[in-house]
Amino acid sequence: MNVYVPFICLALGAAINWKGLPQPVLTWFDRLMNLALVVLMAVIGINIGTSEEVMGNLGKIGAGCLLISLAAIWCSVGLVVLCERTVMPLEKIRLQVAAESEGDGKSGFSPLVLVMPGFILAGILAGWLLLGGHEAAWLDTALTVSLVFLYTGVGVSLASNKSVFGYIRKLGLRILFLPLAIFLGCMLGGFLAGLVLGVPTAWSVTSASGMGYYSLTGAFMTETWGIEAGTYGFIVNVSRDVFTVLQLPVLIRISKGSPIASGAAGCMDTMLVPVSRYVGPELSLVALISGTILTFVVPVWLPVAAGLFA
């Protein structure tokens with residue numbers, strides 16, 4: 001998806017609701033967003049289930065890939081929490097903005113977030129058992145349509161919570177500590193997991209620092225180090241989205257920034273709405289900004305990593 005599409009859709013959604021839509025319209029819009037979210041989760045699962053690269057290697061190197069993915073997530077979470085308690089107090093600033101706008105700044109909880117993992121699992125089974133592991137041409141279209149609708153819905157939500165823009169203003173350049181902590185945490189997690197597993201450091205660190213950008217990371221690692229390395233790059237980053245959805249109820253109990261840390265570059269696209277459901281409207285824009293920065297970092301970082309580990 002073109003990098004400008006999320007911002008165009010956000011702006012469109014905000015413009016639609018800037019003067020305030022009637023509550024019945026907002027209610028129906030929320031229901032349609034829930035439907036689009038279900039479709040998105042199912043499509044993510046089907047994409048995994050129809051990927052021979054993922055499904056065919058789960059038994060051989062899958063456990064190692066999953067461990068690297070989890071290590072990258074939790075090291076990122078650890079560094080983000082450290083930033084939140086020192087230079088980037090996300091929740092403190094959110095409460096200040098909420099007090100100034102005479103609101104609590106909390107988002108409504110949707111039960112749908114509890115069943116998202118189920119839709120991913122159903123999609124994986126459908127892709128593997130019903131589609132026979134063969135890619136379907138309509139999947140990219142379904143993914144794009146659902147993302148466009150969800151981005152627009154996030155824009156509508158932002159317009160209903162205009163304190164979001166005051167929140168971003170108060171954060172200022174401190175917002176850059178978030179993607180920096182996520183990036184460093186991914187490299188640290190990949191390094192530590194590689195030591196435990198005996199996987200080449202080049203593979204473990206580079207795959208972990210793909211930060212959810214599985215297509216580019218998998219292709220680059222295949223070209224640079226061969227098909228087995230490329231499989232690490234692909235599976236580590238595909239599984240990051242799945243682990244993020246599975247762990248959201250736990251991550252939000254740790255801190256507001258933890259779900260964003262887990263979503264990493266995915267917060268620019270597939271993980272934006274699932275993460276936003278937990279962190280609220282103020283941090284949904286923070287998540288998008290962080291995800292966009294990290295998405296731009298990955299293609300710059302990968303050649304650097306290849307040079308470092310040559």
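Residues Leu82 and Thr86 share a closest heavy-atom pair of O-OG1, 2.7 Å. Across every non-hydrogen atom of Thr50 and Leu139, the tightest pair is OG1-CD1, 4.1 Å. Across all non-hydrogen atoms, the minimal contact from Ser276 to Ser284 is OG-CB, 3.1 Å. Between Cys75 and Gly189, the shortest heavy-atom contact is SG-CA, 3.5 Å.
Between Ser255 and Leu90 there is no side-chain heavy-atom pair separated by less than 4.5 Å.
Both Val87 and Leu283 are assigned to one and the same hydrophobic cluster, defined by single-linkage of ILVMFWY side chains at heavy-atom distances under 4.5 Å. By the criterion of side-chain heavy atoms lying less than 4.5 angstrom apart, applied directly or through intervening Ile, Leu, Val, Met, Phe, Trp or Tyr residues, Val25 is not grouped with Trp28; the two fall into different hydrophobic clusters. If you chain together hydrophobic residues whose side chains sit under 4.5 Å apart, Trp18 and Leu285 fall into the same group.
Thr206 places no side-chain N or O within 3.5 Å of a backbone atom of Trp203 that could act as its donor or acceptor partner. For the pair Asn47 (side chain) and Val43 (backbone), a donor-acceptor distance under 3.5 Å is present. At least one donor-acceptor pair under 3.5 Å links the side chain of Thr244 to the backbone N or O of Ser262. Counting only distance, with no hydrogens or angles, the side chain of Thr152 and the backbone of Gly13 share no donor-acceptor pair below 3.5 Å.
With Cys186 as reference, Ser76 is the one residue of Ser76, Ser69, Ser207 to meet the side chain to side chain contact (heavy atoms under 4.5 Å, CB included) rule. Screening Thr222, Val236, Asn237, Val238 for a side chain to side chain contact (heavy atoms under 4.5 Å, CB included) with Thr217, the sole residue that qualifies is Asn237. Each of Leu294, Thr292, Leu288 was evaluated against Ser290; a single residue qualifies, Leu294, per the side chain to side chain contact (heavy atoms under 4.5 Å, CB included) test.
Counting heavy atoms of neighbouring residues, nucleotides and ligands inside a 6.0 Å radius, atom CZ of Arg174 exceeds 12 of them. Around atom CZ of Arg169, no more than 12 heavy atoms belonging to other residues, nucleotides or ligands sit under 6.0 Å away. Within 6.0 Å of CZ on Phe243 lie more than 12 heavy atoms contributed by other residues, nucleotides or ligands.
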ring-ring contact (aromatic ring centres under 6.0 Å, His included) between Trp225 and Tyr232: does it pass, once the steps are laid out?
CA-CA 11 Å; Trp225 293 298; Tyr232 272 90; over 10 Å; no

